[in-house]
Chemist: 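Submitted below is the structure of interest, expressed as structure tokens.
First listed ligand is number 1; within each ligand, the first listed atom is number 1. Values below: all heavy atoms of this structure, side chains included; hydrogens, waters and symmetry mates excluded.
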Amino acid sequence: MKSLAVLHASQLITLAGTKGPRAGAAMHELGIIRDGGMLIRDGKIDSVGPSAEIEKKSSGAEIIDAGGRVVLPGFVDAHTHLVFAGNRLEDFERRARGESYEQISKAGGGISYTVEKTRAASEHDLLVQARKHAEWFLRCGTTTIEAKSGYGLTLEDELKILRVMGSLNEQSPLEIVPTFLGAHAVPREMDADEYIDLVIGQMLPRIATEKLAEFCDVFCERGYFDVGQSRRILTAAKKLGLKVRIHADQLSNSGGAGLAAELEATTADHLEKTDEQGIAALKSAAVQPVLLPGSVYALGSFDFPRARKMIQAGLAVVIATDFNPGSSPTPSMPMILSLACAHMKMSPAEAITAATINAAYSLDRGSQIGSLERGKLASFSLFDCEDYRETAYWFGMPQTHSVYVNGERVSRSGGL
Ligand code: NIG
Ligand code: FE
């Protein structure tokens, strides 16, 4: 049996606590152990406690001296669009000239541009690019991500993207939770009803039979899929056993939060334009909001979602990167922590809770990851700082010292 002892963390941020996602005041409680340590056996956490106690139990264990650094659970990124070809540098420049996301999309950029590139790419090429992105996530201290399809928009291309996720999950230490987002946009060659029939009639049954995704998502937005269309798709997905996430109220307050509540979705994501009624609806159905300040920032907007109102309403808030080539080209959870504190007025403790334990529950993995507690997987990172608040405070600079997945080191500053 391989054992490993992490000793002398200035702060071991355990996030230990009650089962279930944390809401309200509980989002502040990080379960910090000063001069903390952790004993790991066969990739799982055996015990956590003061270093002196852990040291006594660790004869024969390989020692990792954290040297007064902060130790955090691996970040769990609950909203990414991991698999795509190319980039969107043209959109980026257009935005810098003042054009909006919707204008750029009409002028030939946007999701359709990436769809064209992704359709033309082979499964192998997509895997190579996704592997590079997986490395980026690990380097930032993220050890599990949710990943959405949605840049294929044909049966074969959506299957290709989901297969890439499956292969990457086997090849990379990064854990990937797949979501089918066939309803990301209506492809140029079809009208909406024709495409929805394809999603419901062919894509969903095939994906469910081959178990290629755990969740189904829809971009519920004017110009994409309205509430009625989103309801049809997500109801069909639920019947096939998929769980539901929704891109809701990103660009307009279009009823996405209400639909998420009605369908008892696991999460409603974005919510930049959601009003108090929408927040109350989410609360009534215990839907977790996934807030994505990276996309607000990268689109040059200041319309951040109302995190404080959501926390006050008792919602178990999650924050995520929304990693994608168009609206949020960042894999960095520390950057998201910074944005959450500076622009959504979350405390650093709330932001860390939202990026770890709450995110883990939103992916149905709350009993395996998201905190450093006995029995959980030993996925964690060391940060080059002494106080956990520094992970959100210093920004634009990597502070990740080393990253571990299931007790194995997968990344270290300066390379492995
Ligand atoms: O979450 N909103 C829809 N999807 C992405 C953007 C995708 C793209 O622009 O390529 C998002 O922001
Ligand atoms: Fe998204």
Chemist: Determine whether the aromatic ring centres of F84 and H133 lie less than 6.0 Å apart.
Modeler: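 Close enough - the centres of the two rings lie under 6.0 Å apart.
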
Chemist: Please examine the side chains of V199 and F180, heavy atoms only from C-beta on, and report whether any two atoms are closer than 4.5 Å.
Modeler: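 Heavy-atom side-chain distance check passes, below 4.5 Å.
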
Chemist: Can you tell me which residue and heavy atom of the protein come closest to atom 9 (O) of ligand 1, and the distance to 0.1 Å?
Modeler: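 Scanning the protein heavy atoms, the shortest distance from atom 9 (O) of ligand 1 goes to Y101 OH, 2.5 Å.
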
Chemist: Using a strict cut-off of 4.0 Å, indicate which atoms of ligand 1 neighbour a heavy atom of H270.
Modeler: 1 (O), 11 (C), 12 (O)

Chemist: What atoms of ligand 1 come closer than 4.0 angstrom to any heavy atom of I111?
Modeler: 7 (C), 8 (C), 9 (O), 10 (O)

Chemist: Please determine which of K243, E146, M165 meets the side chain to side chain contact (heavy atoms under 4.5 Å, CB included) test together with T179.
Modeler: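 Of all the options given, the one that passes is E146.
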
Chemist: Check this for me - ligand 1, D322, N or O atoms closer than 3.5 angstrom, yes or no?
Modeler: yes

Chemist: Can you sort out which atoms of ligand 1 are near N324, meaning under 4.0 Å from one of its heavy atoms?
Modeler: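 That gives atoms 5 (C), 6 (C), 7 (C), 8 (C), 9 (O), 10 (O), 11 (C), 12 (O) of ligand 1.
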
Chemist: Taking the six-membered ring for Trp and the full ring for Phe, Tyr or His, determine whether the centres of F323 and F137 are under 6.0 Å apart.
Modeler: yes

Chemist: Tell me whether the guanidinium CZ or amine NZ of R69 lies under 6.0 angstrom from the six-membered ring centre of F383 and within 45° of its axis.
Modeler: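 Relative to the ring axis of F383, which defines the angle, R69 lies outside at least one limit.
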
Chemist: May I ask you to identify the nearest protein heavy atom to atom 4 (N) of ligand 1, giving residue, atom name and distance to one decimal place in Å?
Modeler: H184 NE2, 2.9 Å

Chemist: Note the single closest protein heavy atom to atom 12 (O) of ligand 1, along with its residue, its atom name and the distance in Å.
Modeler: S327 OG, 2.5 Å

Chemist: Regarding S328 and D322, do their side chains bring together a donor and an acceptor under 3.5 Å, going by distance alone?
Modeler: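 Note: S328 and D322 side chains miss the donor-acceptor criterion.
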
Chemist: To the closest 0.5 Å, what do you measure between OG (S371) and CZ (F380)?
Modeler: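 Separation between the atoms: 13.5 Å.
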
Chemist: Could you check atom 2 (N) of ligand 1 against the protein and tell me its nearest heavy-atom contact, residue, atom and distance included?
Modeler: Q250 OE1, 2.7 Å

Chemist: Count the heavy atoms belonging to other residues, nucleotides or ligands that lie under 6.0 Å from CD of E93, then report whether that count exceeds 12.
Modeler: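 Atom CD in E93 is not packed in, count stays at 12 or less.
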
Chemist: Enumerate the protein N/O/S atoms at a distance below 2.8 Å from the Fe ion (ligand 2), ignoring waters.
Modeler: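 Correct list: H79 NE2, H81 NE2, H247 NE2, D322 OD1.
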
Chemist: Any nitrogen or oxygen of R88, main chain or side chain, under 3.5 Å from a nitrogen or oxygen of ligand 1?
Modeler: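 So ligand 1 has an N or O lying under 3.5 Å from an N or O of R88.
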
Chemist: Starting from atom 7 (C) of ligand 1, which protein heavy atom do you reach first, and at what distance in Å?
Modeler: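 Of every protein heavy atom, Y151 OH, 3.2 Å lies nearest to atom 7 (C) of ligand 1.
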
Chemist: Taking side chain as C-beta onward, heavy atoms only, is R245 less than 4.5 Å from V218?
Modeler: no

Chemist: Please report the shortest heavy-atom distance between T391 and C385, naming the atom on each side.
Modeler: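 For T391 and C385, the tightest heavy-atom pair comes out as CG2-SG, 4.0 Å.
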
Chemist: D42 and K44: salt bridge (Lys or Arg N to Asp or Glu O under 4.0 Å), yes or no, with the steps?
Modeler: CA-CA 6 Å; D42 280 340; K44 286 198 170 164; over 6 Å; no

